[in-house]
Amino acid sequence: MIKKVGILANGGDVPGFNAVIRAIVRTAEQNGVECYGYLDGFNGLLHNNKVRLDHQPIASGILHKGGSIIGSSLNSNVFNYKVIEDGNVVYKDLSEQCVQNMKNDGIDCLFTLGGDSTQKSARDFTLRGVNVIGVPKTIDNDVACTEKTFGFDTAVAVATDALDRLHTTAESHNRIMVLEVMGRYAGWIALEAAIAGGADAVLIPEIPYDIEKVADKVRERQKEGKNFSIIVVSEGAFPKGGSMSVKNTREGGSGVINIQLGGAGEIVAKQLEEKTGLISRNTTLGYLQRGGTPTSTDRILSTEYGAKAMDLALEGKFSVLTVLKNGKLDYVPLEDVVGNNKKIGAVGGGTKESNTKVVKMDDDLIKTARNIGICLGD
Ligand code: F6P
(Lines give C-alpha, C1' and ligand atoms only; values in the text may rest on other atoms or scores of the structure.)
Protein backbone atom coordinates (compact mmCIF):
# COMPACT_ATOMS: atom_id res chain seq x y z
CA MET A 1 0.00 0.00 0.00
CA ILE A 2 1.43 3.35 -0.94
CA LYS A 3 0.83 6.32 1.33
CA LYS A 4 3.10 9.09 0.10
CA VAL A 5 4.33 9.93 -3.39
CA GLY A 6 6.69 12.47 -4.93
CA ILE A 7 6.27 14.18 -8.29
CA LEU A 8 8.91 15.94 -10.32
CA ALA A 9 8.82 17.74 -13.65
CA ASN A 10 12.07 17.72 -15.55
CA GLY A 11 13.54 19.01 -18.81
CA GLY A 12 12.22 21.78 -21.06
CA ASP A 13 8.75 22.81 -19.98
CA VAL A 14 5.64 21.98 -21.99
CA PRO A 15 1.97 22.92 -21.78
CA GLY A 16 0.35 20.06 -19.87
CA PHE A 17 2.79 19.66 -16.99
CA ASN A 18 0.25 21.14 -14.58
CA ALA A 19 -2.58 19.04 -15.97
CA VAL A 20 -0.58 15.87 -15.23
CA ILE A 21 0.25 17.07 -11.70
CA ARG A 22 -3.40 17.91 -11.06
CA ALA A 23 -4.56 14.48 -12.25
CA ILE A 24 -2.01 12.64 -10.09
CA VAL A 25 -2.97 14.70 -7.03
CA ARG A 26 -6.72 14.28 -7.57
CA THR A 27 -6.46 10.53 -8.10
CA ALA A 28 -4.15 10.27 -5.09
CA GLU A 29 -6.51 12.17 -2.82
CA GLN A 30 -9.41 9.93 -3.74
CA ASN A 31 -7.28 7.06 -2.50
CA GLY A 32 -5.88 8.66 0.65
CA VAL A 33 -2.37 9.14 -0.76
CA GLU A 34 -0.31 12.23 0.13
CA CYS A 35 1.53 14.03 -2.69
CA TYR A 36 4.71 16.07 -2.63
CA GLY A 37 6.20 18.04 -5.49
CA TYR A 38 9.98 18.25 -5.77
CA LEU A 39 10.93 21.74 -6.93
CA ASP A 40 12.92 22.19 -10.15
CA GLY A 41 13.08 18.59 -11.19
CA PHE A 42 15.87 16.34 -9.98
CA ASN A 43 17.51 19.34 -8.28
CA GLY A 44 14.61 19.38 -5.82
CA LEU A 45 15.02 15.67 -5.18
CA LEU A 46 18.75 16.08 -4.55
CA HIS A 47 18.33 18.99 -2.14
CA ASN A 48 15.08 17.64 -0.71
CA ASN A 49 13.35 20.81 -1.70
CA LYS A 50 9.68 20.00 -1.92
CA VAL A 51 6.14 21.22 -1.29
CA ARG A 52 3.02 19.40 -0.18
CA LEU A 53 0.66 19.19 -3.12
CA ASP A 54 -2.86 19.27 -1.80
CA HIS A 55 -5.67 19.47 -4.27
CA GLN A 56 -6.88 22.62 -2.51
CA PRO A 57 -5.44 25.16 -2.87
CA ILE A 58 -2.18 24.23 -4.62
CA ALA A 59 -3.15 21.79 -7.35
CA SER A 60 -6.40 23.56 -8.16
CA GLY A 61 -7.08 26.03 -10.98
CA ILE A 62 -4.00 24.91 -12.89
CA LEU A 63 -5.43 22.72 -15.65
CA HIS A 64 -5.20 25.39 -18.31
CA LYS A 65 -1.95 26.97 -17.16
CA GLY A 66 1.33 26.55 -19.06
CA GLY A 67 4.65 25.99 -17.32
CA SER A 68 4.93 23.89 -14.17
CA ILE A 69 3.83 24.89 -10.67
CA ILE A 70 6.76 22.89 -9.30
CA GLY A 71 9.27 24.21 -11.83
CA SER A 72 11.37 22.07 -14.13
CA SER A 73 15.07 21.79 -14.58
CA LEU A 74 17.47 21.24 -17.45
CA ASN A 75 20.88 19.61 -17.07
CA SER A 76 20.26 17.97 -13.73
CA ASN A 77 21.38 14.38 -14.20
CA VAL A 78 21.95 13.43 -10.57
CA PHE A 79 23.81 10.30 -11.70
CA ASN A 80 26.50 12.50 -13.20
CA TYR A 81 26.02 15.86 -11.51
CA LYS A 82 28.22 18.86 -12.07
CA VAL A 83 29.84 20.12 -8.85
CA ILE A 84 32.72 22.49 -8.19
CA GLU A 85 35.40 21.06 -5.91
CA ASP A 86 38.48 23.13 -5.06
CA GLY A 87 37.71 25.36 -7.99
CA ASN A 88 37.53 22.42 -10.40
CA VAL A 89 34.47 21.09 -12.20
CA VAL A 90 33.85 17.46 -11.38
CA TYR A 91 30.93 15.15 -12.16
CA LYS A 92 29.57 13.01 -9.37
CA ASP A 93 26.95 10.36 -8.89
CA LEU A 94 24.70 11.96 -6.23
CA SER A 95 21.77 9.64 -6.77
CA GLU A 96 22.25 7.92 -3.39
CA GLN A 97 21.51 11.25 -1.68
CA CYS A 98 18.21 11.37 -3.57
CA VAL A 99 17.39 7.79 -2.57
CA GLN A 100 18.11 8.63 1.09
CA ASN A 101 15.92 11.75 0.92
CA MET A 102 13.00 9.70 -0.34
CA LYS A 103 13.60 6.95 2.23
CA ASN A 104 13.80 9.40 5.12
CA ASP A 105 10.53 11.00 4.09
CA GLY A 106 8.77 7.71 3.41
CA ILE A 107 8.15 8.46 -0.27
CA ASP A 108 6.75 5.20 -1.68
CA CYS A 109 6.80 6.15 -5.35
CA LEU A 110 8.32 8.83 -7.54
CA PHE A 111 6.55 10.14 -10.64
CA THR A 112 8.96 11.49 -13.25
CA LEU A 113 7.36 13.80 -15.80
CA GLY A 114 9.83 14.27 -18.62
CA GLY A 115 11.43 13.31 -21.89
CA ASP A 116 14.03 10.71 -22.80
CA SER A 117 16.69 12.20 -20.52
CA THR A 118 14.35 12.22 -17.54
CA GLN A 119 13.13 8.69 -18.22
CA LYS A 120 16.74 7.51 -18.47
CA SER A 121 17.33 8.83 -14.93
CA ALA A 122 13.97 7.34 -13.88
CA ARG A 123 15.09 3.93 -15.06
CA ASP A 124 18.48 4.40 -13.35
CA PHE A 125 16.63 5.09 -10.07
CA THR A 126 14.70 1.85 -10.45
CA LEU A 127 18.11 0.10 -10.44
CA ARG A 128 18.77 1.85 -7.11
CA GLY A 129 15.61 0.24 -5.75
CA VAL A 130 13.24 3.20 -6.04
CA ASN A 131 9.63 2.73 -7.16
CA VAL A 132 9.32 4.98 -10.19
CA ILE A 133 6.59 5.65 -12.73
CA GLY A 134 7.39 7.86 -15.72
CA VAL A 135 5.04 10.09 -17.71
CA PRO A 136 6.21 10.97 -21.26
CA LYS A 137 6.61 14.68 -21.93
CA THR A 138 8.12 16.76 -24.72
CA ILE A 139 6.90 18.99 -27.48
CA ASP A 140 9.18 17.04 -29.86
CA ASN A 141 7.08 13.84 -29.46
CA ASP A 142 10.26 11.79 -29.57
CA VAL A 143 10.00 9.63 -26.44
CA ALA A 144 10.32 5.95 -27.36
CA CYS A 145 7.45 3.45 -26.91
CA THR A 146 4.58 5.94 -26.98
CA GLU A 147 2.53 7.34 -29.84
CA LYS A 148 2.13 10.73 -28.20
CA THR A 149 3.87 12.77 -25.54
CA PHE A 150 1.98 15.52 -23.73
CA GLY A 151 2.85 19.02 -24.98
CA PHE A 152 3.24 17.94 -28.58
CA ASP A 153 -0.28 18.76 -29.70
CA THR A 154 0.01 22.32 -28.38
CA ALA A 155 3.33 22.86 -30.17
CA VAL A 156 1.77 21.67 -33.44
CA ALA A 157 -1.21 24.00 -32.89
CA VAL A 158 1.10 26.99 -32.29
CA ALA A 159 3.16 26.14 -35.38
CA THR A 160 0.00 25.72 -37.48
CA ASP A 161 -1.31 29.09 -36.35
CA ALA A 162 2.05 30.63 -37.28
CA LEU A 163 1.84 29.04 -40.74
CA ASP A 164 -1.65 30.44 -41.29
CA ARG A 165 -0.31 33.89 -40.47
CA LEU A 166 2.77 33.48 -42.65
CA HIS A 167 0.60 32.35 -45.54
CA THR A 168 -1.26 35.65 -45.82
CA THR A 169 1.87 37.77 -45.65
CA ALA A 170 3.73 35.46 -48.09
CA GLU A 171 0.88 35.79 -50.57
CA SER A 172 0.64 39.58 -50.22
CA HIS A 173 4.34 40.11 -50.93
CA ASN A 174 5.16 37.20 -53.25
CA ARG A 175 7.71 35.84 -50.83
CA ILE A 176 9.03 32.56 -49.62
CA MET A 177 8.28 32.24 -45.92
CA VAL A 178 10.32 29.75 -43.95
CA LEU A 179 9.21 28.68 -40.48
CA GLU A 180 11.82 27.06 -38.25
CA VAL A 181 10.22 24.89 -35.59
CA MET A 182 11.67 22.79 -32.78
CA GLY A 183 12.59 19.17 -33.28
CA ARG A 184 16.15 18.24 -32.56
CA TYR A 185 16.46 14.68 -33.83
CA ALA A 186 12.82 14.12 -34.79
CA GLY A 187 10.69 16.04 -37.26
CA TRP A 188 7.25 15.34 -35.80
CA ILE A 189 6.32 18.98 -35.13
CA ALA A 190 7.48 20.09 -38.58
CA LEU A 191 5.71 17.27 -40.36
CA GLU A 192 2.35 17.63 -38.62
CA ALA A 193 2.42 21.42 -38.80
CA ALA A 194 3.32 21.29 -42.51
CA ILE A 195 0.33 19.07 -43.23
CA ALA A 196 -2.03 21.08 -41.01
CA GLY A 197 -0.74 24.43 -42.29
CA GLY A 198 -0.65 23.60 -46.00
CA ALA A 199 3.10 24.03 -46.44
CA ASP A 200 4.81 23.39 -49.77
CA ALA A 201 7.93 21.79 -48.35
CA VAL A 202 9.05 20.40 -45.02
CA LEU A 203 12.59 19.57 -44.01
CA ILE A 204 13.15 17.19 -41.11
CA PRO A 205 16.26 15.74 -39.45
CA GLU A 206 15.41 12.24 -40.66
CA ILE A 207 15.73 13.25 -44.35
CA PRO A 208 18.92 15.15 -45.21
CA TYR A 209 17.73 17.62 -47.82
CA ASP A 210 18.83 18.70 -51.27
CA ILE A 211 18.09 22.43 -51.51
CA GLU A 212 17.79 22.13 -55.28
CA LYS A 213 14.72 19.89 -54.78
CA VAL A 214 13.11 22.52 -52.60
CA ALA A 215 13.95 25.25 -55.11
CA ASP A 216 12.37 23.08 -57.85
CA LYS A 217 9.18 22.94 -55.82
CA VAL A 218 9.13 26.74 -55.53
CA ARG A 219 9.80 27.13 -59.28
CA GLU A 220 7.04 24.64 -60.09
CA ARG A 221 4.65 26.82 -58.11
CA GLN A 222 5.91 29.94 -59.87
CA LYS A 223 5.06 28.28 -63.20
CA GLU A 224 1.53 27.76 -61.90
CA GLY A 225 1.35 31.48 -61.15
CA LYS A 226 1.95 31.11 -57.41
CA ASN A 227 4.75 33.45 -56.51
CA PHE A 228 4.88 32.54 -52.86
CA SER A 229 5.78 29.39 -50.97
CA ILE A 230 5.70 28.16 -47.41
CA ILE A 231 8.55 26.01 -46.11
CA VAL A 232 8.73 24.37 -42.68
CA VAL A 233 12.18 23.51 -41.33
CA SER A 234 12.95 21.48 -38.22
CA GLU A 235 15.74 23.03 -36.18
CA GLY A 236 17.61 19.73 -36.59
CA ALA A 237 17.28 19.57 -40.40
CA PHE A 238 20.51 19.51 -42.38
CA PRO A 239 21.59 19.22 -46.03
CA LYS A 240 22.83 16.00 -47.62
CA GLY A 241 26.47 15.63 -46.73
CA GLY A 242 26.19 18.51 -44.24
CA SER A 243 25.54 18.82 -40.53
CA MET A 244 23.02 20.33 -38.11
CA SER A 245 23.05 24.10 -37.47
CA VAL A 246 24.63 24.58 -34.08
CA LYS A 247 24.16 27.93 -32.39
CA ASN A 248 25.99 27.19 -29.20
CA THR A 249 27.35 24.39 -27.10
CA ARG A 250 26.90 24.23 -23.38
CA GLU A 251 28.18 21.93 -20.75
CA GLY A 252 25.36 19.87 -19.34
CA GLY A 253 25.01 18.28 -15.94
CA SER A 254 25.39 14.86 -17.50
CA GLY A 255 28.93 15.58 -18.52
CA VAL A 256 27.88 15.49 -22.14
CA ILE A 257 28.23 18.61 -24.22
CA ASN A 258 24.73 19.74 -25.00
CA ILE A 259 24.13 21.34 -28.33
CA GLN A 260 21.91 24.36 -28.74
CA LEU A 261 20.53 24.36 -32.25
CA GLY A 262 19.57 27.38 -34.33
CA GLY A 263 19.93 28.80 -37.81
CA ALA A 264 18.59 25.96 -39.97
CA GLY A 265 15.69 28.11 -41.23
CA GLU A 266 17.94 31.09 -42.01
CA ILE A 267 20.20 28.91 -44.15
CA VAL A 268 17.26 27.50 -46.13
CA ALA A 269 15.71 30.97 -46.65
CA LYS A 270 18.99 32.46 -47.89
CA GLN A 271 19.67 29.61 -50.31
CA LEU A 272 16.14 29.63 -51.69
CA GLU A 273 16.33 33.38 -52.31
CA GLU A 274 19.58 32.91 -54.22
CA LYS A 275 18.20 30.04 -56.26
CA THR A 276 14.71 31.33 -57.07
CA GLY A 277 15.06 35.10 -57.02
CA LEU A 278 12.07 35.36 -54.69
CA ILE A 279 12.57 37.31 -51.50
CA SER A 280 12.73 34.85 -48.62
CA ARG A 281 12.26 35.42 -44.92
CA ASN A 282 12.76 33.09 -42.00
CA THR A 283 10.75 33.10 -38.79
CA THR A 284 12.04 31.06 -35.88
CA LEU A 285 9.13 30.06 -33.70
CA GLY A 286 11.32 29.12 -30.72
CA TYR A 287 9.94 29.04 -27.21
CA LEU A 288 6.44 30.15 -28.20
CA GLN A 289 5.93 26.46 -28.98
CA ARG A 290 6.57 25.55 -25.37
CA GLY A 291 4.72 28.27 -23.50
CA GLY A 292 1.14 29.09 -22.72
CA THR A 293 -2.08 27.22 -22.39
CA PRO A 294 -2.36 23.57 -23.49
CA THR A 295 -4.81 22.56 -26.21
CA SER A 296 -7.85 20.54 -25.17
CA THR A 297 -6.17 17.43 -26.64
CA ASP A 298 -3.11 18.00 -24.45
CA ARG A 299 -5.27 18.66 -21.38
CA ILE A 300 -7.05 15.36 -21.93
CA LEU A 301 -3.90 13.37 -22.66
CA SER A 302 -2.09 14.89 -19.66
CA THR A 303 -5.04 14.15 -17.38
CA GLU A 304 -5.24 10.58 -18.68
CA TYR A 305 -1.52 10.06 -18.20
CA GLY A 306 -1.57 11.52 -14.68
CA ALA A 307 -4.56 9.48 -13.53
CA LYS A 308 -3.14 6.32 -15.13
CA ALA A 309 0.25 6.87 -13.45
CA MET A 310 -1.41 7.08 -10.03
CA ASP A 311 -3.56 4.03 -10.83
CA LEU A 312 -0.42 2.06 -11.67
CA ALA A 313 1.15 3.12 -8.38
CA LEU A 314 -1.94 1.95 -6.49
CA GLU A 315 -1.70 -1.39 -8.30
CA GLY A 316 2.00 -1.62 -7.40
CA LYS A 317 3.17 -1.56 -11.01
CA PHE A 318 6.48 0.30 -10.92
CA SER A 319 9.49 0.82 -13.23
CA VAL A 320 7.13 1.70 -16.07
CA LEU A 321 6.19 4.59 -18.34
CA THR A 322 2.60 5.47 -19.12
CA VAL A 323 2.13 5.38 -22.89
CA LEU A 324 -0.40 5.63 -25.66
CA LYS A 325 -0.43 2.46 -27.75
CA ASN A 326 -2.87 2.02 -30.64
CA GLY A 327 -4.67 5.07 -29.29
CA LYS A 328 -5.20 3.46 -25.87
CA LEU A 329 -3.63 4.17 -22.49
CA ASP A 330 -1.06 1.58 -21.56
CA TYR A 331 2.34 1.23 -19.89
CA VAL A 332 5.74 -0.20 -20.83
CA PRO A 333 8.85 -1.06 -18.81
CA LEU A 334 11.27 1.87 -18.46
CA GLU A 335 13.91 -0.61 -19.56
CA ASP A 336 12.32 -0.64 -23.04
CA VAL A 337 12.20 3.15 -23.10
CA VAL A 338 15.95 3.57 -22.63
CA GLY A 339 16.67 0.98 -25.34
CA ASN A 340 20.37 0.31 -25.64
CA ASN A 341 21.34 3.31 -23.53
CA LYS A 342 21.77 0.95 -20.57
CA LYS A 343 24.77 2.21 -18.64
CA ILE A 344 23.76 4.05 -15.45
CA GLY A 345 24.29 7.78 -15.66
CA ALA A 346 26.68 7.59 -18.60
CA VAL A 347 24.55 9.31 -21.21
CA GLY A 348 21.57 11.22 -19.89
CA GLY A 349 19.40 11.73 -22.91
CA GLY A 350 18.61 14.29 -25.58
CA THR A 351 21.68 13.02 -27.39
CA LYS A 352 22.30 10.82 -30.39
CA GLU A 353 22.94 7.84 -28.12
CA SER A 354 19.55 8.06 -26.48
CA ASN A 355 16.61 6.04 -27.67
CA THR A 356 14.63 8.80 -29.39
CA LYS A 357 11.57 8.02 -31.49
CA VAL A 358 12.26 9.44 -34.92
CA VAL A 359 10.00 9.62 -37.96
CA LYS A 360 10.23 6.42 -40.00
CA MET A 361 10.07 6.62 -43.77
CA ASP A 362 6.99 4.38 -43.91
CA ASP A 363 5.07 6.54 -41.42
CA ASP A 364 1.60 7.51 -42.60
CA LEU A 365 2.47 11.19 -42.19
CA ILE A 366 5.35 10.84 -44.65
CA LYS A 367 3.11 9.02 -47.11
CA THR A 368 0.38 11.64 -46.72
CA ALA A 369 2.83 14.50 -47.22
CA ARG A 370 4.17 12.91 -50.39
CA ASN A 371 0.67 12.09 -51.68
CA ILE A 372 -0.42 15.70 -51.48
CA GLY A 373 2.76 17.01 -53.10
CA ILE A 374 4.62 18.38 -50.10
CA CYS A 375 8.34 18.36 -50.95
CA LEU A 376 10.47 16.62 -48.33
CA GLY A 377 13.73 17.80 -49.78
CA ASP A 378 14.71 14.41 -51.20
O1 F6P B 1 13.40 19.04 -26.05
C2 F6P B 1 12.51 19.99 -26.47
C3 F6P B 1 13.18 21.15 -27.12
O4 F6P B 1 12.11 21.94 -27.39
C5 F6P B 1 14.02 20.84 -28.38
O6 F6P B 1 13.29 20.73 -29.54
C7 F6P B 1 14.95 22.02 -28.42
O8 F6P B 1 16.12 21.74 -29.15
C9 F6P B 1 15.23 22.24 -26.99
O10 F6P B 1 14.06 21.86 -26.28
C11 F6P B 1 15.65 23.64 -26.68
O12 F6P B 1 15.44 23.92 -25.35
P13 F6P B 1 16.45 24.70 -24.40
O14 F6P B 1 17.06 25.79 -25.19
O15 F6P B 1 15.57 25.16 -23.29
O16 F6P B 1 17.42 23.69 -23.93
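What's counted below: heavy atoms across the whole structure, side chains too, no hydrogens, waters or symmetry copies. Read the numbers this way: they start at 1 and go in the same order the structure lists the ligands and their atoms.
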Review point. Salt bridge check: are Lys120 and Asp124 linked by an N-O gap of less than 4.0 Å?
Key: yes
**Study point:** Gly12 touching ligand 1 at heavy-atom level, < 4.0 angstrom
**Key:** no
Check your understanding: Remaining members of Phe228's ILVMFWY cluster at a side-chain heavy-atom cut-off under 4.5 Å?
Key -> none
Review point. On the ring face of Trp188, is Lys148 found with NZ or CZ under 6.0 Å from the centre and within 45° of the axis?
Key: no
Exercise for review: Mark the output for Arg184 as yes if a heavy-atom distance to ligand 1 is under 4.0 Å, and as no if none is.
Suggested key: yes
Exercise for review: Please indicate whether any nitrogen or oxygen in Gln260 is less than 3.5 Å from any nitrogen or oxygen in ligand 1.
Suggested key: no
Review point. Any non-hydrogen atom of Ile139 lying under 4.0 Å from ligand 1?
Key: yes
Review point. Is the closest side-chain heavy-atom distance between Leu334 and Gln119 below 4.5 Å?
Key: yes
Practice item. Below 4.0 angstrom from a heavy atom of Leu74, which ligand 1 atoms are there? Numbered from 1 as shown, please. Key: 15 (O)
Study note, to complete from the structure: salt bridge (charged side-chain N to carboxylate O under 4.0 Å, His left out) with Asp93: of Lys82, Arg128, Lys343, only one passes, and it is Arg128
Check your understanding: Just which atoms of ligand 1 are under 4.0 Å from any heavy atom in Arg290?
Key -> 3 (C), 4 (O), 9 (C), 10 (O), 11 (C), 12 (O), 13 (P), 15 (O)
**Study point:** Sub-4.0 Å atoms of ligand 1 with respect to non-hydrogen atoms of Gly183
**Key:** 6 (O)
